Structure formats: structure tokens, C-alpha cells
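Okay, so here's the structure we're looking at.
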Number of protein chains: 2
Amino acid sequence: MSQTVDRALSILPLLAEGPANLEQVSVRLGVHKSTALRLLRTLHEHGMVYRQADQRYRLGARLFALAQQAAENLDVREIAHPHLVALNEACGHTVHLAVLEESEVLYIDKVESRYPVRMYSRIGKPVAITVAAVAKLLLADLPAPERRALAEKLDYPRYTPRSTPDAAAFLAELATVRAQGWATDLGGHEESINCVGAPVRGTDGHVVAAMSLSAPNVVVTADELLTLLPLVRRTADAISREYSGTAPAPSAIDPAQEA
Amino acid sequence: MSQTVDRALSILPLLAEGPANLEQVSVRLGVHKSTALRLLRTLHEHGMVYRQADQRYRLGARLFALAQQAAENLDVREIAHPHLVALNEACGHTVHLAVLEESEVLYIDKVESRYPVRMYSRIGKPVAITVAAVAKLLLADLPAPERRALAEKLDYPRYTPRSTPDAAAFLAELATVRAQGWATDLGGHEESINCVGAPVRGTDGHVVAAMSLSAPNVVVTADELLTLLPLVRRTADAISREYSGTAPAPSAIDPAQEA
DNA sequence: AATCGTGTTGCATCCTCTGCAACGCTCATT
DNA sequence: AATGAGCGTTGCAGAGGATGCAACACGATT
């Protein structure tokens, strides 16, 4: 819509690939050097890009700050977080929270037991939308036409032999998920990793987020993980209630007691 | 420099405060509604903002993706990470890694022992530049004129009675840090929290990053924490060597053995 | 039904962005 | 030291695009 802004914003993903100098940017944008310079300066003033010692440009720190603030403003996340922690402490496995945005599934929180690191290595990364339990939960709640349209549009990468092969299979799976109110990913993304997930619903019953528990085969079998499903569902329901305002924020959360 | 881009980028921090509708955005930008609409549309096309169900705008997913990619491009972080983890496992305390960018100190990695959560709650947040050990390390390495200019420019908030009071005290502290090659923050930011830190240096000996170990008084006293200083310095030196390419990436890292 | 609040569109005007060309700077080469 | 290449930077004039206005559309509220 706005040419100037469009060009300026196009610089960001370009720099995300790695540092670039003025000429490289101008060439890839298809504009004159001076134009690229002025755009970069404006981006620089806003802290979106950073000019390193060798004069090349990199993405800047403001980007972190913005992403962080954006994450903090997601109130589902705020509410869910203590529940996720409690669940993690109860069973020790990795817990994810995800939302749907513009046909993309996005992790917005994660609690990992053994390895407390690289939270942000996940945030923003494209989720395997055709296989992830949280993705199934979020998409299953879409209106049928949208669901179908999206399913047709997607690619179906064969991460493993158990990955969802095509749109038809995916839609069938979504129907199942929709009916049963929970979802799994049994080795569909990584051969040795299983997940079980449950939806978080808003006041009107619509799915606003989804959470899942992930564990590698070597720790628990798929069957064992499934025995945790009731706990996962109770946790998700507890979050839903608190999010909907039908339950007060509890002072202490014990997932084993969440009814 | 570029008015249009300037306005568009100004929308982002505005939305970071929380969702806003078209009118609110236009008012705060000081432009006509239609102008704001077109800017928002362009931002939307680039995934920088997201339009939620109630038509209000929020920061979008692309921002996460970009921030994440920006982080991944910081190769210091990539190299340092396993060392930070090893250090954390060795002593159990919180480990931070930070860099200096545009007169700001920015955490780019963190390993926390007890509470594996909210990594990103720190990333991008303004670091207490006048008191944090990592900030002292990074600023101490600046050329003297720059160091002085920056010190004069800063505010010196009295987080605690032990906070650095003014530019003179700060410059003195930086001189000490520069001379001894390590830094501390003993209750200067939070009364009960102490830190010790050491610099990561590039090939030319310049400080490219800084790391620190933080622990609350109730866990270890400041004196006890200081006994870990040699370990911290060895870790930082190991990172420096690997970053400079003078040491091959080790297959397994044991901080107790890092010489 | 009417009114208000909001978002959206077409259009004429003027501003701002653009590309050009010239300049300055640094670095390498002879 | 001089020359030249490579790159970033700056003034300028022209044109294209962004802007604000006003009118319209749509839904909610009374």
C-alpha cells in the first residue's frame, strides 16, 4: 500500500539473513543507493537496524524489545503461565502454549524441564502446522470453510513416515480432534517425540490457544504419555476458566487438584 | 529522515503498549485516520501487526520471527551458549550473556537454574547500565573519550544504597574493572542480589560480550560468589578463545576443566 | 428508525521521496 | 606519494506517491 514503508520493511527480513552493506541492500531492494541509505537511516533511528563496526547493517535491539513487549501483552500467556509451570513440575515434561495468527501457529510460551534454555529459539519459529498437536487443536476450531481452505493451501512435508500426508488426512484428523476435544502428535514431527494437547477456550467457547505436553520415547512411551492426558485437559480447562473470568486467579496452583 | 517510514515505525512501540484501534493510532501519530489506515495496512502486509477479532491492532508474529533471527545471527551467542550451560550446571546460578549496542547493554542469553521460564522476559529489556556487572565490563572497554561521554550522558538511578551514584564514581569503577579484567555488582541493582562477571574478547582483544553469574544473598554470600570468579573467568576466556578461532569447538565442555 | 462511532474509499493537492550526479573518504596498488 | 577503485554521503530538481478531506458503508446502541 505504501511504497516507502513497504520498501523499508522489506529490508528487515533481508537483514535477518545476515549483515549486509548499503550496496547489497539497494540492489536487493531494486532502488538507488541513496534511497536505501535514507530508508536504513530511518530504520536506524528507530533502533530496528544496527550499524556494526564494518559499516554493515544488522537487525537491531529494538526488535527484541518490541517482540518481548508483544509477548507480554498476550494475556492468555500471562494467565496460562503459572499453570504451565505447575504442569511441568507435576510431570517433568516440556509444556508448550500456542496461538493461531494469520494462518500461522505460533508458540508463545514454553516450559522445559531439563534444559532451561533458548526459550526464544522457539518463539516465532514456524510450527509444523500439519502435525503439531497444538496446531491441530487451533485449526480444528476454525469454521469449516476456512478450515478446508487452509488445509488445501498447506504443504504436507513428510517429516517422518507418520506425518500427516495430505489435506484429506489432515481434515479427517481435525474432525477427530474437534470431536474429542484433544489432540496428539505421535512421532509425526520427530520420530521419537510424542505430544498430547488440549485447547484453551474463551468465554464463547472458541479456542483461543492450545497447550501440549511433549516427551521423547526414551523417557515415556506414547501410551504412558496418554495417561497424562486427563491432567493436561484439566490444566487447559483451568486456564480456560481463569481466562474467561469464571474462576478467580488461584493463589497456588496444583495441577493434580485441578478438577 | 523518511517521514512515511518514520510514522509507520512509530506505530510499533505504540502497539507494544497494548492493542489499539485505528482512531487511537491516528491520534497518537498526529495524522489523519486514512493515513494511519494505510500505514497499518502496509505493516499488516509485512506481518508486523496483526488485526485481532475486535478489529484492533496488535504487534504481529513476524516481529517474533525477526527478533529470533536477529538473535541467531549473533554468533557470539551461538558459541557461548554451551559454555553458559556448562557453567550453570557446575554452580547452579543464573548466567547472563550481554553485548553493547548503540549505548545500550542488551542481554542476549540467559541460563537460569531453578526457574526455567520466561527467558524472553529479559531479552531486550533495558539493562541497568550503571550497575550491572556486564555493563561495566562492556563500557570499561570503550575508548576513554567515548566512555567519558557516555558516563556523563547516563542517568544514575538509586536502585539501592549501593548503586553507582554518579558519573565520577562510575568512571572510577570502570577504570578498576578495566584494570582487573572482571567486574561485580554487589547489591547495586537489587539489594539482595550479587553478580560477578568477566569479559569475552575478540581476536583483537576488544571486549565483544560480557557474561556474569548472579545469585541472591540467601543462597550464597557475596564472598562465596566471589570464590567462583576464577571459574567465571575461565569460562569467559574459553568462549573468547573459541570465538577468536584459536580453540576448536570442544565436543564436551566441562567448566571445571577449562584452563 | 435514527444516531453515533468506526472503518473505508476516491480524489485533488501538495509534499516528500526518488534517482541522478558530484563529492569525499578510505584503502590498496603502483 | 600518487592514482584509482570502491563505497558511502549529500544537494538538487522533478515526479510520483502520500496526505487530508469529505463522503460513504456498516454495525451497534438508543
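Every chain is numbered from 1, with letters handed out A, B, ... down the list of sequences. All values derive from a computational prediction rather than experimental measurement.
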Expressed in angstrom and rounded to an integer, what is the separation of B:Asp6 atom CG from D:dA18 atom P?
15 Å
Heavy-atom check, side chain of A:Ser212 versus side chain of A:Val232, under 4.5 Å:
no
Short side-chain N/O contact from A:Ser2 to OP1 or OP2 of D:dA18, under 4.0 Å:
yes
Restricting to non-hydrogen atoms, name the atom on B:Ala135 and the atom on B:Ile129 that form the minimum distance, rounded to 0.1 Å.
CB-O, 3.2 Å
I need the CG-C1' distance between A:Asn21 and C:dC25, as an integer number of Å.
16 Å
Is it the case that B:Thr42 and B:Arg38 place a side-chain donor and acceptor less than 3.5 Å from each other?
no
Out of curiosity, A:Arg147 CZ to A:Arg178 CZ, how far, rounded to the nearest 0.5 Å?
4.5 Å
A:Arg51 near the nucleic acid: base, sugar-phosphate alone, or nothing, with a heavy-atom cut-off under 4.0 Å?
sugar-phosphate
Among C:dC20, D:dT9, C:dT8, the nucleotide that comes nearest once only the side chain of B:Lys33 is considered:
C:dT8
Could you tell me the separation between the CG atom of B:Leu40 and the P atom of D:dT19, rounded to a whole number of Å?
12 Å
Do any side-chain nitrogens or oxygens of A:Arg7 fall under 4.0 Å of OP1 or OP2 in D:dG17?
no
Over how many whole Å does the gap from B:Gln55 atom CD to D:dA25 atom P extend?
17 Å
Do B:Arg38 and D:dG20 have a side chain to base donor-acceptor pair shorter than 3.5 Å?
yes
Atom pair distance, as rounded to whole Å: CG in A:Asp54 and P in C:dC27
13 Å
Value rounded to 0.5 Å, distance of CE in B:Met48 from CG in B:Leu15
10.5 Å
Judged by each residue's nearest nucleotide on DNA chain D, which is more toward the 5′ side, A:Tyr57 or A:Val5?
A:Tyr57
Using atom NE2 of B:His32 as one end and atom P of C:dT9 as the other, report the distance to the nearest whole Å.
14 Å
Whole-Å gap separating C1' (D:dT19) and CD (A:Gln3):
15 Å
Which listed nucleotide (C:dT18, D:dT9, D:dT19) is nearest to the side chain of A:Leu39?
C:dT18
NA contact type, B:Ser34, heavy-atom cut-off 4.0 Å: base, sugar-phosphate, or nothing?
base
Using atom CD of B:Glu23 as one end and atom P of C:dC4 as the other, report the distance to the nearest whole Å.
15 Å
Give one of base, sugar-phosphate or nothing for A:Thr4, where a contact means two heavy atoms less than 4.0 Å apart.
sugar-phosphate
